[in-house]
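Chain identifiers are assigned alphabetically (A, B, ...) following the order of the sequence lines, protein sequences preceding nucleic acid strands; residue numbering begins at 1 within each chain.
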Protein chains: 2
Amino acid sequence: MNTVVGAALARQMQTESMLSMQDFEVLVHLTDVENARLRVSELARAMRWEKSRLSHHLSRMEKRGLIGREECSSDGRGAFIVLTPEGRAAIEAAAPSHVDAVRRYFFDVLTSDDVKALRSISERVTARVEATDTCPSE
Amino acid sequence: MNTVVGAALARQMQTESMLSMQDFEVLVHLTDVENARLRVSELARAMRWEKSRLSHHLSRMEKRGLIGREECSSDGRGAFIVLTPEGRAAIEAAAPSHVDAVRRYFFDVLTSDDVKALRSISERVTARVEATDTCPSE
DNA sequence: CGAACTTGGATGACGTGTCAACTATTCCGT
DNA sequence: ACGGAATAGTTGACACGTCATCCAAGTTCG
């Protein structure tokens, strides 16, 4: 189920908005904060992505003009990631039909009991893995 | 949940058996048939993978000695994929602890009602996607 | 102060996934 | 039989993910 739904959503987003799911996630997190500006490591933490992965992805997104980098005055090592106007336009164009697709592919065939059951299952399993597995959040 | 469980299982398999999940899947499908020998396209169909993806992956696995390629006498285009002794050894070493990890991370925290609910949800969602989405199986 | 350590982040190598294009064979209709 | 379509499989380019490594700016502590 996960494979199939994920692939369908990714295809939909790619063909309609020229964004990958990952691009979308980054943009969502950026639009979620004041000034659409975040430190790389905050973003990494919020997305639960490795710093390296994020850094690579941000490079690709910067090359496409979706985001920009700015120096951080208070910490000479740091960098801010900022949403460009193109980035904002892209996510605003993509979001409605994505939400729609999620509803169509997923929630439309679920009852509210299904959703409750899924939430409960998901919480238990996730908690189990994070309790058992080595370094879940690094 | 899917992300977290998938990552945990992948990490477990990689560190204990030097196999990726994808390697493992290929090996499972090979051991499932007579003579551990399959045409590439049958394997692709069985795994629901693109031919291209499979071809790339088989090249990498061949380089590592897990599988081999053989010419097909009845169809000059075709190729058989065969399991090498190394490949068989690898999956036999990996399988038990993988099964164990799946149980630990997943089924241990689920009731049989949970499993029933998940199966039902999964079937409905998958059917919906495959009915709606363009080209699900290509 | 200065050496050791930590932290923020980038980079390079390599494995993986997708798409489009390609080659070589087989099939099929006339 | 032959010329076009379908089929089997590979390849190349490029996006994505992970790991190990690196570097530079900050922090700690003698």
How many Å lie between [atom1] on [X] and [atom2] on [N], as a whole number?
X       : N      : atom1 : atom2 : answer
B:Met21 : C:dG17 : CE    : P     : 12 Å
A:Met61 : C:dA10 : CE    : C1'   : 17 Å
A:Lys51 : D:dC23 : NZ    : P     : 16 Å
B:Arg77 : D:dA5  : CZ    : C1'   : 12 Å
A:Leu38 : C:dG9  : CG    : C1'   : 15 Å
B:Asp75 : D:dA8  : CG    : P     : 8 Å
B:Leu43 : D:dG9  : CG    : C1'   : 13 Å
A:Met47 : C:dG9  : CE    : C1'   : 16 Å

Check your understanding: Hey, are B:Glu130 and B:Arg48 close enough for a salt bridge, meaning a charged N less than 4.0 Å from a carboxylate O?
Key ->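 Salt bridge flag = yes for B:Arg48 with B:Glu130.
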In Å, rounded to the nearest 0.5 Å, how long is the span from OG of A:Ser59 to NE2 of A:His57?
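If we round to the nearest 0.5 Å, A:Ser59:OG and A:His57:NE2 are 10.0 Å apart.
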Problem - N or O in side chain of A:Ser41 less than 4.0 angstrom from C:dG9 OP1/OP2 - result: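 True: A:Ser41 side-chain N/O within range (under 4.0 Å) of C:dG9 OP1/OP2.
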#### Entry: Any A:Arg39 side-chain N or O less than 4.0 Å from OP1/OP2 of C:dG9
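Yes, A:Arg39 has a side-chain N/O under 4.0 Å of OP1/OP2 on C:dG9.
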Item to complete: Show the numbers, then the answer: is there a side chain to side chain contact (heavy atoms under 4.5 Å, CB included) between A:Thr111 and A:Lys116?
Response: CA-CA 9 Å; A:Thr111 67; A:Lys116 275 206 266 294; over 6 Å; no
Where A:Ala8 and B:Val129 come nearest, the two heavy atoms and their spacing
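Nearest heavy atoms, A:Ala8 then B:Val129: CB-CG1, 3.7 Å.
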Please check if atom CE in A:Met21 has more than 12 non-hydrogen atoms from other residues, nucleotides or ligands closer than 6.0 Å.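 Counting other residues, nucleotides and ligands, CE of A:Met21 exceeds 12 neighbours.
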| request: Evaluate whether atom CZ of A:Arg119 has more than 12 neighbouring non-hydrogen atoms of other residues, nucleotides or ligands under 6.0 angstrom away. | output: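 No, CZ of A:Arg119 has 12 or fewer neighbouring heavy atoms, counting only those of other groups under 6.0 Å.
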Counting primed atoms, P, OP1 and OP2 as sugar-phosphate and everything else as base, the B/S/- map of nucleotides 15-21 of chain D against protein heavy atoms under 4.0 Å is SBSBBB-
Applying a 4.0 Å non-hydrogen cut-off, can you work out what A:Arg45 is touching in the nucleic acid: base, sugar-phosphate, or nothing?
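No contact.
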### Task
Using the side-chain hydrogen bond (donor to acceptor under 3.5 Å, both in side chains) rule, pick out the option among B:Arg64, B:Gln14, B:Arg60 that qualifies with B:Asp23.
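Option passing the side-chain hydrogen bond (donor to acceptor under 3.5 Å, both in side chains) with B:Asp23: B:Arg64.
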